[in-house]
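In what follows, a single structure is set out as structure tokens and then discussed.
The chains referred to below are lettered A, B, ... by the order of the sequence lines, with proteins before strands, and numbering in each begins at 1.
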Amino acid sequence: MKTLLDADYTTRDDKTVIRLFYKTDEGREIKEIYDFQPYMYVLPKEGEIDKLSEEIGKISNIKNVEKTRMLEMEQEVDVLRITVNHPRNVPDLRAIIRELENCEEVREAHIPFAERYLTDSGLVPMENCEKLNLRIASFDMEVYNPDREPDSEKDPIIMISYADNHGLKKVWTYKTIEGLDLDYVEVLGDEKEIIEKFIETIKKREIDIITTYNGDNFDFPYLKDRSEKHKIKLSLGADNSPLRMERRGMNMGARVKGRPHVDMYPVCRQIFNIPRYTLEDVYQEITGEEKKDIQVNAMAGIWDNPTFEEYTAFLEYSMSDATATLEIALELLPLHYEISRITRELIYQSSRAGSGQRVESLLIKKAFEKKILVPNRPSDRIVNKRQRTTYSGGYVVEPKKGIHDNILLFDFRSLYPSIIISHNIDPSTLDCNCCQKDAYMSPTGHYFCKKKKGFIPENLEGLLQRRITIKKKLNAEKDPRKKRFLDVKQQALKLLANSMYGYFGFPRARWYSRECAEAITALGRKYIQETIEIVPSFGFGVIYGDTDSVYLIETEGLEGDEVMEHAKSFLKKINSELPEGMELEFEGFYPRGIFITKKRYAVIDRKGKLIIKGLETRRRDWANVAKNTQKKVLNVLLRDKTPDKAAKIVKDMVQEIKKGEIPLSDLTINTQITKDMGEYKNEGPHIQAAKKAMKKGMEFKQGNIVTYVITKKGSSISDKAKVVDFVEEGDYDTYYYINNQVLPAVLRILEALGYTEDELKGKGKQTTLEGF
DNA sequence: TACCAGAGGAG
DNA sequence: AAATCCTCTGGTA
């Protein structure tokens with residue numbers, strides 16, 4: 001048994017060699033493939049294939065020209081398959097060929113060579129990797145940082161922590177202290193020695209996967225710089241090749257050949273929705289436990305003049321970074337193994353890929369199997385054009401504002417995927433020539449072929465059917481380990497199925513089709529609107545709805561079983577009229593809910609669990625004081641049904657804030673820097689806070705989340721905004737936190753119940769309590 | 001006060 | 001480098 005961990009190509013004697021990095025029962029294996037050459041397809045102008053073939057034959061660096069038949073928009077076409085001697089010549093040859101008189105188009109010239117091999121060979125990365133018991137290690141570094149942000153030119157690495165899933169835990173450092181007693185600490189001579197020890201350990205312990213937390217942007221590039229300083233070859237690769245930093249779009253990826261490096265930071269940003277993505281926050285999200293943390297600005301001081309307690313705490317912190325990263329990796333990697341297997345992308349790629357890239361990888365593999373010509377990547381000009389053409393999305397119902405009791409929720413199961421499948425929505429079936437009258441119609445005026453199944457609907461259906469099979473197995477399975485394995489499998493399939501609609505509308509997609517994306521959403525609107533129209537005839541009223549869901553209340557004085565009977569006949573009626581594969585489901589019953597505006601509401605379920613949507617409580621750019629107060633008010637209204645307590649909660653919190661005793665952790669606001677720092681026309685509080693912090697040596701760039709507090713000193717809000725690291729406890733603007741945080745968050749809710757702002761601020765009388 | 005840029009959520 | 005719809009803030013004129 002073996003599992004494919006990595007693949008690349010190299011050049012030997014000017015010939016290409018594909019290398020496949022396997023983990024096997026015995027150890028590892030690097031298989032080399034010599035007989036695979038890059039190629040591209042060329043579509044000739046109508047009837048000119050022979051002329052074109054002749055023209056291409058005259059060009060140098062071409063190994064072979066051969067006629068073949070491929071599918072283009074579900075039609076068989078004659079094309080030329082051009083084999084090239086080396087991938088490095090592909091771009092130039094493509095440019096030459098596409099200018100030839102008889103050439104219509106060049107295809108598949110831009111598929112990276114190693115990926116091309118994986119596609120054509122049908123190899124599945126990470127197959128059986130669970131059975132092979134992969135050796136997974138994590139590492140983290142602490143760096144000397146007297147100027148806050150370390151500079152790899154001068155600031156050495158002072159600790160490297162390491163943990164693997166075979167029991168080894170280490171912190172390598174080169175300073176000790178009297179009485180130091182931590183069994184995992186190994187004190188070596190200097191920075192060079194700890195780096196060498198790290199490299200040696202990865203190799204000796206036959207590590208298969210290296211994980212880090214932000215290793216792409218910090219640990220690996222820093223380690224690389226420091227290794228170069230010491231003239232150490234950072235030969236971590238399974239073939240002893242050095243670590244390589246690769247460009248991946250806007251970001252960098254640290255690549256170790258044959259021992260894939262998986263950076264958990266981008267993985268966590270994709271999977272979790274939390275206010276911040278520090279290792280501590282993510283660790284808490286996964287395990288529910290607090291992780292040790294120490295102040296970054298204290299590190300250099302501790303290193304220079306350590307006390308026993310401080311140094312021990314520093315070492316413990318360092319160790320916990322590696323063990324936490326390992327724990328996170330062990331938790332999240334299984335999903336990525338599965339995504340890797342489904343999309344047949346290397347784990348190095350798939351762990352860093354976005355939804356669009358994953359869908360595309362999957363489609364390229366499936367296209368190869370069906371001999372479908374892969375569409376080219378759009379040029380920047382086309383991408384720009386696509387970005388300018390927008391289309392309409394889901395339908396949102398204006399909510400009936402206020403409190404409602406006994407709410408029923410219905411929603412369409414996988415609305416967009418089920419529309420794609422049941423209406424056969426695909427670029428190749430769009431406005432086909434064969435079934436104009438009898439086709440699947442879209443409200444947009446386009447129609448979709450009924451005779452031939454489209455490429456994307458077919459594959460989407462495949463994903464969903466596999467998911468159904470797996471879910472059946474999952475329900476029958478007793479062994480918790482196997483259950484978890486199956487659950488991860490179905491999650492991965494769901495993830496990919498749900499990405500298909502977005503892919504149609506993604507301007508950089510090869511299979512982009514605005515008509516398809518538009519048809520999907522238009523049909524979605526049609527079905528939800530038709531559903532809403534017949535609601536009254538079953539004795540219900542619509543409280544709210546968004547895209548694929550409707551919240552209903554009973555309106556004709558029915559009770560208990562009678563309500564459920566009506567709900568059942570409502571469902572039956574809707575479902576009898578839906579196309580096969582689409583289904584409206586009863587999703588839940590909520591004794592009470594409060595609806596504020598579109599996309600902002602809260603309901604409580606029978607178990608007393610509060611479900612809050614869109615409100616400040618759910619947003620990272622609001623302070624905890626406001627979020628917690630809002631949550632308390634919602635609890636009082638929905639759970640305890642004691643609205644008069646709400647005013648007291650708010651008044652008490654206002655007093656607390658005035659006292660100046662709210663801890664900073666409840667005052668911080670998190671906002672992401674979404675643009676390049678220089679691109680801002682309007683600099684909001686987070687940007688101005690970041691800029692001030694940058695003057696003090698902190699680094700900020702696009703993608704970072706700024707955690708700031710509105711302090712006492714300054715004129716405007718932005719002026720008062722300071723990154724939390726530079727704020728003293730108690731230094732906060734009470735006026736701002738009362739009037740711009742707590743009050744707006746709670747007033748919005750109370751106003752939806754009919755209170756006025758003046759009443760709530762004690763200026764008026766509380767007479768509008770009746771009604772609940 | 002009206003408008004905008006910017007952000008982050010829902011589905 | 002998945003889509004659109006929507007609310008809300010802080011700054012500006």
Side-chain angles (χ1 to χ4, degrees), chain A residues 248-251 266 270 273-275 352-360 363 377-378 380 383 386-387 389-399 409 411-417 420 495-514 516-518 520-522 524-525 528 544-551 587 596-601 611-623 626 669-675 679-688 702-703 705-706 710 715-721 736 739-741 744-745 747-748:
Chain A
R248 288 187 50 84
M250 299 249 294
N251 302 311
Q270 266 195 3
N273 182 14
I274 48 178
R352 289 167 178 79
S355 319
Q357 197 188 124
R358 278 185 200 142
V359 168
E360 198 148 283
L363 292 179
R377 281 225 182 96
D380 284 352
V383 169
R386 288 177 180 178
Q387 275 166 346
T389 55
T390 55
Y391 64 93
S392 306
Y395 173 66
V396 189
V397 183
E398 187 64 47
L409 170 60
D411 67 13
F412 285 94
R413 180 169 42 78
S414 304
L415 179 67
Y416 289 170
I420 295 171
L495 201 70
L496 282 158
N498 286 341
S499 310
M500 288 286 183
Y501 150 69
Y503 180 79
F504 275 134
F506 173 39
R508 309 196 92 94
R510 292 172 187 266
W511 276 273
Y512 172 86
S513 171
R514 203 211 52 183
C516 290
E518 205 170 17
I520 295 161
T521 55
R525 291 195 299 275
I528 198 77
Y544 179 58
D546 187 348
T547 311
D548 60 356
S549 64
V550 278
Y551 288 84
E587 185 58 35
I596 316 293
T597 58
K598 286 178 176 176
K599 301 192 188 278
R600 295 163 68 87
Y601 63 93
I611 298 142
I612 303 170
K613 302 284 183 181
L615 295 169
E616 286 72 12
T617 308
R618 298 288 305 256
R619 297 178 64 97
R620 68 154 162 259
D621 54 355
W622 280 74
I669 296 163
N670 298 295
T671 311
Q672 195 183 177
I673 301 172
T674 60
K675 303 157 80 97
E679 304 276 294
Y680 280 94
K681 285 184 193 162
N682 289 342
E683 294 185 346
H686 68 301
I687 301 301
Q688 294 203 29
Q702 193 171 10
I705 293 168
V706 186
I710 305 303
S715 48
S716 66
I717 292 169
S718 292
D719 211 28
K720 293 176 182 176
Y736 174 85
N739 291 289
N740 296 34
Q741 290 281 330
L747 286 181
R748 250 189 287 285

Across the strands shown, which category fits A:Tyr395 at heavy-atom distances under 4.0 angstrom: base, sugar-phosphate, nothing?
nothing

Please tell me which of the listed nucleotides, B:dG6, C:dT9, C:dG11, lies nearest to the side chain of A:Ser716?
C:dG11

In whole Å, what is the span from the CD atom of A:Gln702 to the P atom of C:dA1?
13 Å

Looking only at side-chain atoms of A:Trp622, point me to the closest of B:dG8, C:dT7, C:dT9.
C:dT9

Describe the nucleic acid contact of A:Lys599 in one word from base, sugar-phosphate, nothing, applying a heavy-atom distance below 4.0 Å.
base

Counting only side-chain nitrogens and oxygens, does A:Lys598 get under 4.0 Å of the OP1 or OP2 atom of C:dC5?
no

Rounded distance in Å - CD1 (A:Ile687) to C1' (C:dG11):
13 Å

Which whole-number value in Å describes the distance from A:Asp719 CG to C:dT9 P?
21 Å

What does A:Ser718 touch in the nucleic acid at a heavy-atom separation under 4.0 angstrom: a base, only the sugar-phosphate, or nothing?
sugar-phosphate

If each of A:Gly393 and A:Arg248 is mapped to the nucleotide of DNA chain C with the nearest heavy atom, which maps nearer the 5' terminus, i.e. the 5' end?
A:Arg248

When all nucleic acid strands are considered with a 4.0 Å heavy-atom cut-off, which category describes A:Tyr416: base, sugar-phosphate, or nothing?
nothing

Separation of atom CZ in A:Arg386 from atom P in C:dA1, rounded to whole Å
17 Å

Closest heavy-atom pair, A:Pro685 versus A:Ile717, reported as atoms and distance to 0.1 Å, is CG-CG2, 4.0 Å

Any chance you could measure A:Asn670, atom CG, to A:Arg619, atom CZ, to the nearest 0.5 Å?
12.0 Å

Which nucleotide in the set C:dA2, B:dA5, C:dT9 lies at the smallest distance from any side-chain heavy atom of A:Pro507?
C:dA2

Of the nucleotides C:dA1, B:dA5, C:dG11, which has the atom closest to the A:Asn682 side chain?
B:dA5

Which is true for A:Gly684 with a 4.0 Å heavy-atom rule: it touches a base, it touches only sugar-phosphate, or it touches nothing?
nothing

When you get a sec, tell me which of C:dG10, C:dT4, C:dA1 is the closest nucleotide to the side chain of A:Tyr501?
C:dT4

What does A:Thr547 touch in the nucleic acid at a heavy-atom separation under 4.0 angstrom: a base, only the sugar-phosphate, or nothing?
sugar-phosphate

Using the side-chain heavy atoms of A:Ser392, tell me which of these nucleotides is nearest: B:dG9, C:dG11, C:dC5.
C:dC5

Should A:Arg525 and A:Asp548 count as an ion pair when the cut-off is N to O under 4.0 Å?
no

Regarding the side chain of A:Tyr736, the nearest nucleotide among B:dG9, C:dA1, C:dG10 is C:dG10

Which whole-number value in Å describes the distance from A:Ile705 CD1 to B:dG6 C1'?
15 Å

Using a cut-off of 4.0 Å on non-hydrogen atoms, how would the nucleic acid contact of A:Gly249 be classed: base, sugar-phosphate, or nothing?
nothing

May I have the distance from A:Asp621 (atom CG) to C:dG10 (atom C1'), rounded to whole angstrom?
12 Å

Does C:dA2 have OP1 or OP2 under 4.0 Å away from a side-chain N or O of A:Gln357?
no

Have a look at A:Arg377 and say if it touches a base, only the backbone sugar-phosphate, or nothing, with a 4.0 Å heavy-atom cut-off.
nothing

Take the protein atom CD of A:Glu518 and the nucleotide atom P of C:dA2, then report the distance between them rounded to whole Å.
21 Å

So which atom in A:Pro507 and which in A:Pro378 form the shortest heavy-atom distance, rounded to 0.1 Å?
O-CG, 3.5 Å

Rounded to the nearest Å, what distance is computed from the OH atom of residue A:Tyr680 to the P atom of nucleotide C:dT12?
15 Å

Rounded to the nearest 0.5 Å, what separation is found between the CD atom of A:Glu679 and the CD1 atom of A:Ile687?
11.5 Å

What nucleic acid atoms does A:Asn740 come within less than 4.0 Å of, heavy atoms only: base, sugar-phosphate, or nothing?
sugar-phosphate

With a 4.0 Å cut-off on heavy atoms, is A:Arg620 in touch with a base, just the backbone sugar-phosphate, or nothing at all?
sugar-phosphate

Does A:Asn498 offer a backbone N or O that forms a donor-acceptor pair with the side chain of A:Tyr416 under 3.5 Å?
no

Show the nearest heavy-atom pair for residues A:Lys599 and A:Tyr544, with the distance to one decimal.
N-OH, 2.8 Å

Would you mind classifying the nucleic acid contact of A:Phe412 as base, sugar-phosphate or nothing, using non-hydrogen atoms under 4.0 angstrom?
nothing

Look at the side chain of A:Arg600 and decide which nucleotide, out of C:dT4, C:dG10, C:dC8, has an atom nearest to it.
C:dC8

Which of these nucleotides, B:dA10, B:dG6, C:dG11, is closest to any side-chain atom of A:Arg618?
B:dA10

Looking at the side chain of A:Thr671, which of B:dG8, C:dC6, C:dG10 is the nearest nucleotide?
B:dG8

